Amino acid sequence: MAIASDIPQEHASPVSDQNGSRRDRYDHAEIEPRVRRLWDESGIYAWDAEDSDRPKWFVQSMFPYPSGDLHIGHWFAFSGGDAAARFKRMQGYNVLHPQGFDAFGLPAENAAIKGNIHPKIWTYGNIANMRKQFELMGNSYDWTREIITCDPEYYKWNQYFFLKFLENGLAYRSDGAVNWCPADQTTLANEQVKDGKCERCEAVVVKRNMPQWYFAITKYADEMLDMSGIDWPEKVVVSQENWIGRSEGVNISFDISEYGLDTKGISTFTTRIDTIYGVTFVVLSPEHPLVAELTQPEYAAVVEDYVAAAARESEIERTSAVREKTGVPTGSYCINPLNDERVPILVGDYVLATYGTGAVMGVPAHDERDFDFAKKYDLPIRVVVAPDGWSGEELEAAYIAPGVQVNSNEFDGLPSREGKEAIAEKIERNGWGERVVTYHLRDWLISRQRYWGTPIPIIYCDHCGAVPVPYEDLPVELPSDAEFQPSGRSPLVEHEEFLNAPCPKCDGPGQRETDTMDTFMDSSWYHMRYLSPGDASNPFDGGLAATWAPVDQYTGGMEHAVMHLLYARFFNRALRDIGLVDFSEPYLHLFSHGTMTTEQGRISKRSNPVTPDPLVQKYGADTLRCYLMFLGPWDKGGIWTDSGINGIRRWMHRVWDLCTRDASLLGGEDSRAENALEVASHTATKRVLEDMAAYKYNTAIASLMTYANQMADAWEDGGVSPALWRSSVKRLLLHLAPLAPHIAEELWMRDGGEFSIHSQLVPEWDESKLNVETIKIVVQVNGRVRDTITVPADAGEKEIADAALASPGAQRHTQDKQIRREIYVPGRLFNIVVG
RNA sequence: GGGGGAGUGGCGGAAUGGUAGACGCGCAUGCCUUAGGAGCAUGUGGCUGCGGCCGUGCGGGUUCGAAUCCCGCCUCCCCCACCA
């Protein structure tokens with residue numbers, strides 16, 4: 001195909017070198033766009049779903065939010081992702097490597113409010129800009145499969161899945177306390193509250209009561225704890241386990257029948273039922289439904305004030321662990337069924353309404369929080385699990401560890417571990433409670449009171465209630481002429497035309513649901529849509545899904561360790577149970593790359609833009625890509641600085657120089673020089689292949705630099721044949737191709753290689769070619785390096801021992817001493833132990 | 001409080017029981033140049049009596065040999081956290 005004759009002559013600036021040949025200088029600005037045009041025109045990155053000769057590989061980088069510009073963090077993420085995809089392609093896989101835009105979300109609306117530009121226009125403008133910037137990177141995406149989640153053709157299927165979930169009991173509407181972000185004027189899922197603040201805007205989140213739509217993610221809590229079928233980083237696995245937060249315990253009921261209420265008692269959850277005999281009080285959360293009924297008249301004023309104050313407090317104040325615990329008595333008592341003791345009931349805001357039963361049994365001797373609380377309010381502290389060597393003295397702090405049951409009636413003397421079982425057993429036998437499993441994970445709240453998202457396809461009818469929009473009426477399109485100033489209600493409420501719709505059941509007057517869906521809905525299944533992005537009748541092609549899903553390799557940042565990755569795992573299970581897919585996990589292998597930051601912190605469009613464009617202009621995309629990958633291990637990230645980028649640029653020039661030399665100038669065929677270059681070649685291949693497979697791009701590049709240096713030495717030496725030189729050039733380029741795709745392609749074609757280098761297979765390495773003719777052996781005396789010797793590669797141990805012992809360095813340190821031991825590590829070192 | 005990760009030259013980082021500092025940045029010297037914030041070459045952990053000695057956060061241990069394994073500390077980063 002394209003060869004050197006295609007190169008415009010005006011860009012070819014001949015320079016002469018010390019060998020007298022005339023060659024062109026490396027000019028990234030001319031090469032990169034031209035090479036990309038060749039890729040585009042030939043369509044080499046288009047996915048061929050039909051090709052089943054090659055094994056399939058579905059590889060995907062988390063798609064970006066179209067914030068306006070690709071910043072250096074995007075380059076860091078996508079360079080590595082593209083290198084992985086290109087490498088797999090060159091290993092002979094049929095690769096699907098798509099890209100798209102996660103296009104719904106608040107920034108578009110905020111821009112609209114501020115700049116008086118419609119979110120849609122803002123978003124699509126950004127996408128157009130970012131697509132251009134993406135082009136500069138030269139990634140091997142199949143853009144024909146691009147997905148934009150704010151397209152009605154895409155979000156139609158969000159609505160479709162919502163309706164399916166509803167039919168299958170996986171979606172429901174429920175009233176209750178929800179997280180409310182006062183700045184963004186919308187509710188948030190639990191996962192989107194960090195440190196009591198809105199994950200997006202960092203406003204302090206408050207609680208509100210309102211009816212909202214939920215997905216039943218907790219149904220899969222236990223199943224999602226099993227991550228044995230997927231190869232994910234330990235860090236992410238642990239984060240998910242912690243977030244799901246399974247704990248086994250007992251729900252036990254404390255009797256309050258003396259108050260004649262219509263309830264069985266106060267149910268409390270504990271993981272430490274072995275401490276039940278140490279209960280000296282019970283604490284209700286301020287939101288607990290029994291608070292009002294149990295408060296005795298003389299305590300009412302204080303309790304009401306306390307509850308009201310707690311409601312005013314933000315989540316961040318409520319959940320601060322360092323805060324002093326407070327509470328007020330209700331004047332009521334309840335009875336511990338195990339020992340019939342009557343203990344006071346208090347209200348305390350350290351008890352969370354949303355975890356367990358919203359009430360806890362207070363065991364100050366064996367729980368730090370209860371201990372603090374008891375100390376403050378002078379409540380009795382009774383030890384029921386004795387520490388080792390305890391002889392009845394008062395505790396200085398809560399004793400949390402296991403011990404021996406004391407003050408526990410018939411359980412006295414049992415190790416607390418066994419006591420736990422025995423007591424639970426007794427409780428269940430008597431019907432006082434039961435063993436339960438509790439999770440930290442809450443159901444996924446998906447309603448948002450914002451405009452720029454997928455409308456929830458529900459119509460409320462006075463007669464029929466919440467009625468699903470019929471499938472044939474999808475998509476429920478977002479009206480383009482809504483007023484989107486945030487008001488705490490969805491902007492769609494004001495849009496009469498959207499709002500009013502006949503009930504699908506009775507045709508009576510109805511009103512549409514005006515909330516939109518959490519945008520994590522969009523990213524929960526987008527990978528499936530890549531398979532058939534234009535499909536108008538199905539969310540994805542079942543046949544393609546059967547052969548191509550799940551995603552083989554997924555890369556993205558750690559910030560999605562719980563949110564996106566947990567939702568996607570839930571979503572896939574939901575799809576499975578609806579019968580749309582037959583596998584459980586959406587992403588088989590996951591690699592979490594690190595984060596590029598500046599000294600000021602996270603790089604983002606708003607706070608800290610580092611624009612790659614000028615760097616690309618000056619150095620070229622290949623140089624920037626390699627520089628980012630060379631900075632350090634990909635999973636570590638780091639602080640951005642361009643201080644070393646020149647080194648990579650110099651290297652690119654060096655590679656250019658090496659690969660454009662006239663091999664026919666090489667005459668000699670010295671076996672020593674030939675052997676050295678051959679060993680260097682196979683060593684380089686071994687290292688690069690191993691590093692690329694493990695995403696160790698920094699050391700892969702280092703190995704390629706070493707190889708280039710060795711090639712330069714070989715040229716200098718002059719003792720290699722033209723044939724070996726040319727195969728070395730090819731090898732270097734083939735290894736470079738996934739990392740610096742443009743220059744590799746250009747040099748490959750100039751060398752007469754067939755277009756495209758990216759359709760070639762990576763070179764192999766041969767273990768037998770890793771052996772040099774002579775090897776260097778380190779000579780140690782008592783483990784200290786004293787000399788090195790050079791011996792033939794096939795030298796025997798005896799020969800090496802003699803040479804080592806005779807070496808000057810060894811001589812100096814062994815004379816007059818007794819040799820006690822000799823240790824030979826084949827091919828590496830010889831250690832002489834003297835005494 | 002729980003979990004995860006890290007500590008190595010002036011800097012980014014290599015090395016997972018076998019020559020510590022690969023590779024690169026920076027720096028130094030030289031060459032080339034009208035010039036150079038360009039390019040090329042060479043050198044570059046510290047100390048040194050040129051034999052060596054010291055050196056991977058600190059203190060011990062195992063080993064012929066430890067950045068690497070074990071025990072005890074210190075520091076930093078990230079995630080989760082009044083989860084009963």
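So that the names make sense, note that chain A is the first sequence line, chain B the second, and so on, each numbered from 1. Side chains are part of it too, since the values below use all heavy atoms of this structure and drop only hydrogens, waters and symmetry mates. Predicted model only: the values in this text are computed from it and were never measured.
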Below 4.0 angstrom from OP1 or OP2 of B:rC64, is there any side-chain N or O of A:Arg820?
no
A:Arg649 vs B:rG37: side-chain N/O to OP1/OP2 distance below 4.0 Å
no
Are the aromatic ring centres of A:Phe76 and A:Trp640 under 6.0 angstrom apart?
no
Taking the six-membered ring where the residue is Trp, are the ring centres of A:Tyr627 and A:Tyr619 under 6.0 Å apart?
no
Whole angstrom value for the distance that separates P of B:rA81 from NZ of A:Lys197
13 Å
Please report the C-alpha distance between A:Arg272 and A:Val385 in whole Å, then the side-chain angles of each, then the deciding distance to 0.1 Å, and finally whether the side chain to side chain contact (heavy atoms under 4.5 Å, CB included) criterion is met.
CA-CA 11 Å; A:Arg272 290 297 305 276; A:Val385 173; 4.2 Å; yes
Syn or anti for B:rG10? Use the chi torsion, O4'-C1'-N9-C4 for purines and O4'-C1'-N1-C2 for pyrimidines, with syn inside 90° of 0.
anti
Is A:Arg569 positioned over the aromatic face of A:Trp444, cation under 6.0 angstrom from the ring centre and no more than 45 degrees off axis?
no
Considering only the P atoms, how many Å lie between B:rU29 and B:rC23, rounded to the nearest integer?
23 Å
With a 3.5 Å limit on both atom pairs, tell me what B:rU68 is paired to, counting Watson-Crick and G-U wobble, or say none.
none
With rounding to whole Å, what would you report as the distance between B:rA38 and B:rU44 at their P atoms?
22 Å
Looking for any heavy atom pair under 4.0 Å, which part of the strands does A:His366 touch: base, sugar-phosphate only, or nothing?
nothing
With both distances under 3.5 angstrom, what nucleotide forms a Watson-Crick or G-U wobble pair with B:rG55?
none
NA contact type, A:Arg786, heavy-atom cut-off 4.0 Å: base, sugar-phosphate, or nothing?
sugar-phosphate
Between B:rA84, B:rC80, B:rC23, which nucleotide gets closest to the side-chain atoms of A:Trp243?
B:rC80
Separation of B:rG24 P from A:Tyr707 OH (nearest whole Å)
16 Å
Which comes earlier along RNA chain B counting from the 5' end, the contact point of A:Trp651 or that of A:Met361, where each point is its nearest nucleotide?
A:Trp651
Could you check how far CZ of A:Arg654 sits from P of B:rC40, rounded to whole Å?
8 Å
Closer than 4.0 Å, any side-chain N/O of A:Asn242 to the OP1 or OP2 of B:rC83?
no
B:rC25 to B:rU34 separation - P atoms, rounded to the nearest Å:
27 Å
Rounded distance in Å between the C1' positions of B:rA14 and B:rU68:
13 Å
Could you tell me whether A:Arg661 sits above the aromatic face of A:Trp715, with NZ or CZ closer than 6.0 angstrom to the six-membered ring centre and within 45 degrees of the axis?
yes
Report yes or no: does A:Thr268 contribute a side-chain atom to a donor-acceptor pair with the main-chain N or O of A:Ala359 at less than 3.5 Å?
no
Rounded distance in Å between the C1' positions of B:rC74 and B:rG59:
10 Å
Between A:Arg812 and B:rG52, is there a contact of a side-chain N or O with OP1 or OP2 at under 4.0 Å?
yes
Rounded to whole Å, CD1 of A:Ile648 lies from P of B:rC23 at a distance of 14 Å
Scan A:Val833 against the nucleic acid and name what it touches under 4.0 Å (heavy atoms): base, sugar-phosphate only, or nothing.
sugar-phosphate
I need the CE-C1' distance between A:Met558 and B:rG3, as an integer number of Å.
11 Å
Nearest-angstrom distance, P atom, B:rG1 to B:rU8:
26 Å
Answer with yes or no after comparing the ring centroid distance for A:Phe373 and A:Tyr350 against a 6.0 Å cut-off, counting only values under it.
yes
Counting only heavy atoms not in A:Gln815 (residues, nucleotides, ligands), do more than 12 fall under 6.0 Å from its CD?
yes
Mind calculating the distance between NE2 (A:His813) and C1' (B:rG51) to the nearest angstrom?
7 Å
For B:rG39, which nucleotide is its Watson-Crick or G-U wobble mate, given both distances must be under 3.5 Å?
B:rC31
For the backbone of A:His813 and the side chain of A:Arg786, can you confirm whether one donor and one acceptor N or O come within less than 3.5 Å of each other?
no
Tell me what A:Asp372 touches on the nucleic acid: a base, only sugar-phosphate, or nothing, going by heavy atoms under 4.0 Å.
nothing
Of the candidates B:rC53, B:rC64, B:rC23, the side chain of A:Arg784 sits closest to B:rC53
Write out all pairs satisfying salt bridge (charged side-chain N to carboxylate O under 4.0 Å, His left out) with one or both partners inside residues 803-826 of chain A, taking only residues at least two apart or from two chains.
none
I need a per-nucleotide contact map over nucleotides 6-19 of chain B, read 5' to 3'. Cutoff is protein heavy atoms under 4.0 Å; write B for the base, S for backbone only, - otherwise.
------BSS---BB
Identified pairing partner of B:rU75, criterion: Watson-Crick or G-U wobble below 3.5 Å
B:rA6
Whole-Å distance separating the CD1 atom of A:Ile639 from the P atom of B:rC76:
16 Å
Would you call B:rG9 syn or anti, using the 90° rule around 0?
syn
Does any nucleotide pair with B:rG21 by Watson-Crick or G-U wobble geometry, both distances under 3.5 Å, and what is it?
none
Closest-nucleotide ordering on RNA chain B, the 5'-leading residue of A:His653 and A:Thr270
A:His653
For B:rG1, which nucleotide in any strand shown is its Watson-Crick or wobble partner with both distances under 3.5 Å?
B:rC80
What is the separation between atom CE on A:Met652 and atom P on B:rC23, rounded to the nearest whole Å?
18 Å
Using a heavy-atom cut-off of 4.0 Å across all strands, would you classify A:Gly356 as base, sugar-phosphate, or nothing?
nothing
Is the backbone N or O of A:Thr271 less than 3.5 Å from a side-chain atom of A:Glu248, with the two atoms forming a donor-acceptor pair by type?
no
Roughly how many Å apart are B:rG17 and B:rG13, using the P atom of each and rounding to a whole number?
23 Å
Look through every strand shown and name the nucleotide pairing with B:rU44 as Watson-Crick or G-U wobble, where both distances are under 3.5 Å.
B:rG26
Should A:Arg369 be listed as having a side-chain N or O under 4.0 Å from OP1 or OP2 of B:rA84?
no
Closest to the side chain of A:Thr706, out of B:rC82, B:rC23, B:rG26, is B:rC23
Please measure how far the C1' atom in B:rC27 lies from the corresponding atom in B:rG12, and state the result in whole Å.
16 Å
